[in-house]
Amino acid sequence: MVDTRTASLMHVLGWPDDARCFAVAGYPCTSGVSATLQQLRAAVRDLGGSLTIAGVHDGVCVALTAAQAAATPEVTCTAMMATFAADRPVALGPVRHGVSGASATVLAALSTLAAAPAVRFAPGVSGTSGSASLTGSARAVGAASASITAASASSAPASLHDDGPSQAAAWRNPREDMMRLIRAEDALPERALIGDEDAKRELVEAVYGSLTAAGPDDPTLETVSTFLLSGGSLETTAKALNVHPNTVRYRLKRAADATGWDATDPREAYVLRTAIALGRMTLR
C-alpha cells in the first residue's frame, strides 16, 4: 500500500496513475552513487524512455522505470548491467501498474537483492547449476543486448561519441551478466522468508490457490504434497495414494500447467513446498 504523501509526491514527479512500470536494483559502481544514478537514467533515455526515478536505499541504487518504447524490463535491465558493480547481483522487479504498483515493484526488487545470497546458489536458478535455466536466461539477455544495439543505432549520431551504459552493455558477455541477474519471480520463497508480503501473497493466491481451485475433492494438492514429502518418488507417492504411477505423473503435469511450477524440478519443488506451507497456515 502507498500512503497519500507518497502518492502525492509521485504525482508531483509526473508519475501517471496508469503507468506500467518495473524496478531494477543493484549496487553502485566504482565511480560512485551519483555517477551510477546518472548512468541509470541515461540508459533509459537511450532506449527511448522518458519516465524514470532513480535513488538510493541503504546503499542500493534503484531505478523505477515506466515501460516505454524500447525500455522494456529485459532490455532496460540488460542496458543497466554495466552501470552496477560488476561483482554484485542485480535484481529485476515485476511489472506493475500505477503509483501503488511502483511501490510494489521497488520493494520486490529490494527484497530480491536481499535474498540474492540464497537464491544465487539454489539449483535451477539463473547463475547456478540449472542448465535449462542458464540457457534460457542467457538467451533472454542476449536478445536484450541485440535490442539495445538496435536502439543505440537508431539514436545516432549522438550515441556515437558516448561511452554510456548502453554501449557498454552491448559488448558485455551475456552469460556473465545472466549470472548476476535475479528476477523477483525467481526468488519467491526467499523473499517470503524475509517477510516480503507481495511474495507471500503470490505464493498463496497464485500457486496454492491454483492447487486448490478445483475444490476439496480434487486430488491435485494431495498428490503434489505427497510427492514432495516422498522426496520426489513416483512409486512411493503412488503407493501412498493407492494409484498407478502414471496417474501420479498425470496429476503432477496438470499441477505444473495450473501453477507454472513443476514438482519434479528440485528448485520448483521448493517453490511449491513453500506455497503449500504458507497456504495451509494462511487459509486455515
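Bear in mind that the values here come from a model prediction, so they are computed numbers and not experimental data.
Y208 and L193 sit in two unconnected hydrophobic clusters of ILVMFWY residues. Membership requires side-chain heavy atoms under 4.5 Å apart, directly or through other members. Clustering ILVMFWY residues whenever any of their side-chain heavy atoms sit less than 4.5 angstrom apart, transitively, puts L188 in a cluster other than the one holding F22. Both L64 and L110 are assigned to one and the same hydrophobic cluster, defined by single-linkage of ILVMFWY side chains at heavy-atom distances under 4.5 Å. Hydrophobic clustering of Ile, Leu, Val, Met, Phe, Trp and Tyr side chains at less than 4.5 Å, counting indirect connections, unites V248 with W261. Follow the hydrophobic side-chain contacts under 4.5 Å out from Y270 and you never reach I194; the two are in separate clusters.
Side-chain N/O atoms of T112 and R183 include no donor and acceptor closer than 3.5 Å. T237 and S230 are linked by a side-chain donor-acceptor pair at a separation below 3.5 angstrom, with hydrogens and angles left out of the test. Side chain to side chain, T52 and T65 meet the donor-acceptor criterion of an N or O pair below 3.5 Å. Using a 3.5 Å distance cut-off with no hydrogens or angles, the side chains of S233 and T236 do pair a donor with an acceptor.
Side-chain contact between V95 and T105 is absent, with no heavy atoms from C-beta onward closer than 4.5 Å. In this structure, the side chains of L241 and T226 come closer than 4.5 Å at one or more pairs of heavy atoms. For the pair L40 and C61, the minimum side-chain heavy-atom distance is below 4.5 Å. Side-chain contact check for V90 versus M80: every heavy-atom pair is 4.5 Å or farther apart. Here the side chains of L107 and S111 are not in contact, with every heavy-atom distance at 4.5 Å or above. Side-chain atoms of C77 and M81, non-hydrogen and from C-beta on, do get closer than 4.5 Å to each other. Counting heavy atoms from C-beta outward, V24 and F84 have side chains that approach closer than 4.5 Å. Counting heavy atoms from C-beta on, the side chains of L113 and V60 come closer than 4.5 Å.
The main-chain N or O of A104 is never found under 3.5 Å from a side-chain atom of R96 such that the two would form a donor-acceptor pair. Panel note: side chain R20, backbone A66; no donor-acceptor pair is recorded below 3.5 Å.
In plain terms, the two heavy atoms of G55 and L37 that are nearest each other are O-CD2, 3.5 Å. For the pair D18 and H97, the tightest heavy-atom approach, listed with the atom from each and the gap, is O-CD2, 4.4 Å. P94 and A108 make their closest contact through CD-CB, 3.5 Å (heavy atoms, listed as atom of the first residue, atom of the second, distance). For the pair G93 and A184, the tightest heavy-atom approach, listed with the atom from each and the gap, is CA-CB, 4.1 Å. The two residues S31 and Q39 come nearest to each other via the heavy atoms OG-NE2, 4.3 Å. P245 and A238 get closest at one heavy-atom pair: N-CB, 3.7 Å.
With respect to E202 and R191, no salt bridge is recorded, no charged nitrogen being found less than 4.0 Å from a carboxylate O. The pair K200-D196 does not meet the salt-bridge criterion, since no charged nitrogen lies less than 4.0 angstrom from a carboxylate oxygen. Between D198 and R201, at least one side-chain nitrogen of the basic residue sits less than 4.0 Å from a carboxylate oxygen of the acidic one, meeting the salt-bridge criterion.
T76 OG1 to L92 CG: the interatomic distance, rounded to the nearest 0.5 Å, is 9.0 Å. The CG atom of L221 sits 11.5 Å away from atom CZ of R251, with the distance rounded to the nearest 0.5 Å. We find the CD1-CG distance between I276 and L228 to be 5.5 Å, quoted to the nearest 0.5 Å. Distance check: L211 CG to L272 CG gives 6.5 Å after rounding to the nearest 0.5 Å. The structure places OG of S225 at 8.0 Å from CZ of R273, a figure rounded to the nearest 0.5 Å. Separating the OG atom in S210 from the CD atom in E205 is a distance of 10.5 Å, to the nearest 0.5 Å.
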Chi angles and distances behind the side chain to side chain contact (heavy atoms under 4.5 Å, CB included) call for R254, D218:
CA-CA 12 Å; R254 189 173 63 180; D218 184 83; 3.6 Å; yes

Let me see the working for Y27 and T36 under side chain to side chain contact (heavy atoms under 4.5 Å, CB included), right down to the final yes or no.
CA-CA 9 Å; Y27 296 92; T36 299; over 6 Å; no

Determine, stepwise, if the pair R249 / E235 fulfils salt bridge (charged side-chain N to carboxylate O under 4.0 Å, His left out).
CA-CA 10 Å; R249 288 190 181 92; E235 290 73 17; 5.1 Å; no

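Counting non-hydrogen atoms of neighbouring residues, nucleotides and ligands closer than 6.0 angstrom, the CG atom of D257 exceeds 12 such neighbours. Environment of CD in Q68: crowded, with over 12 heavy atoms of neighbouring residues, nucleotides or ligands closer than 6.0 Å.
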